[in-house]
Amino acid sequence: QVQLVDSGGGLVQAGGSLRLSCAASGRTFSSYAMGWFRQGPGKEREFVAAISWSGASTYYADSVKDRFTISRDNAKNMVYMQMNSLKPEDTAIYYCAAGTIATAKPSAYYYWGQGTQVTVTS
C-alpha cells in the first residue's frame, strides 16, 4: 500500500515556475514507477511525465517536454516536478501516481494523490 500527498501548486503568471512535490508513504516506494497527470477544466485527465523506479528513465508529454522535469529521491520517498515557462494551458489539477511501469497510461497506476491546483494567468 502506498499513500501519496501532492503539494506545491499555486497561482503563477505565464512564464513563471512552480515545483510540485509528491510525498509517499510505504516501505516499497522505491519499487514503483511514478507519474504525473493533470486534468484541466472540462478536459480529460492527461499524461504529463513519468519516471522509472530507479530514476534512470524519464518520459514526457510533447506539450511539456523541455519545460518540465520529473525527478525522485527514493531516500526521502519523494517525487518532484519542476515546471518552467508555464503557460495558461498548463492550468489544471496535477496528480502524482504510483505504478509498476513508467507509462503514459493511467490504467497502469495503482495509487493516486489527491491533486494540487496549478493556475497560470496570462
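Side chains included, hydrogens not; waters and symmetry mates left out as well; all remaining heavy atoms used.
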Rounded distance (nearest 0.5 Å) linking atom [atom1] of [X] with atom [atom2] of [Y]:
{"X": "E44", "Y": "Q39", "atom1": "CD", "atom2": "CD", "result": "8.0 Å"}
{"X": "C22", "Y": "Y111", "atom1": "SG", "atom2": "OH", "result": "13.5 Å"}
{"X": "S21", "Y": "Q82", "atom1": "OG", "atom2": "CD", "result": "9.5 Å"}
{"X": "M78", "Y": "S7", "atom1": "CE", "atom2": "OG", "result": "6.0 Å"}

Donor-acceptor under 3.5 Å ([X] side chain, [Y] main chain):
{"X": "Y32", "Y": "S52", "answer": "no"}
{"X": "N84", "Y": "S17", "answer": "no"}
{"X": "Y109", "Y": "T103", "answer": "yes"}

Side chains of [X] and [Y]: does their closest heavy-atom pair fall under 4.5 Å?
{"X": "V12", "Y": "T121", "value": "no"}
{"X": "M34", "Y": "F29", "value": "yes"}
{"X": "L20", "Y": "D6", "value": "no"}
{"X": "W36", "Y": "I51", "value": "no"}
{"X": "Y95", "Y": "R45", "value": "yes"}
{"X": "I93", "Y": "R38", "value": "no"}
{"X": "T69", "Y": "M81", "value": "no"}
{"X": "I70", "Y": "V79", "value": "yes"}

Would you say that more than 12 heavy atoms from the other residues, nucleotides or ligands in this model lie under 6.0 Å from the CH2 of W112, or not?
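Above 12, so yes.
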
Is the count of non-hydrogen atoms from other residues, nucleotides or ligands lying under 6.0 Å from Q3 atom CD greater than 12?
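Counting other residues, nucleotides and ligands, CD of Q3 stays at 12 neighbours or fewer.
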
With the 4.5 Å side-chain cut-off for hydrophobic clustering, are V2 and Y110 part of the same group?
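Yes: a chain of side-chain contacts under 4.5 Å links V2 to Y110.
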
Could you go through Y94 and Q117, starting from their C-alpha distance and side-chain angles, then the distance that decides it, and tell me whether this counts as side chain to side chain contact (heavy atoms under 4.5 Å, CB included)?
CA-CA 6 Å; Y94 284 71; Q117 176 71 49; over 6 Å; no

Full working for salt bridge (charged side-chain N to carboxylate O under 4.0 Å, His left out) between D90 and K87:
CA-CA 5 Å; D90 294 319; K87 304 175 181 179; over 6 Å; no

Quick one: which of L86, V120, T116 gives a side-chain contact (heavy atoms from CB on, under 4.5 Å) with L18?
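So, applying the side-chain contact (heavy atoms from CB on, under 4.5 Å) to L18 and each of L86, V120, T116, only L86 qualifies.
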
[X] to [Y] - nearest heavy-atom pair and separation:
{"X": "N77", "Y": "G26", "answer": "ND2-O, 3.3 Å"}
{"X": "A14", "Y": "S122", "answer": "CB-CA, 4.3 Å"}
{"X": "A49", "Y": "Y60", "answer": "CB-CD2, 3.7 Å"}
{"X": "R67", "Y": "S85", "answer": "NH1-O, 2.9 Å"}

For Y80, does the six-membered ring have the charged nitrogen or CZ of R72 within the cation-pi criterion, i.e. under 6.0 angstrom from the centroid and within 45° of the normal?
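No.
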
Does the plane of the ring in F37 sit parallel, tilted or perpendicular to the ring in F47? Use 30° and 60° as the thresholds.
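Rings of F37 and F47: perpendicular, over 60°.
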
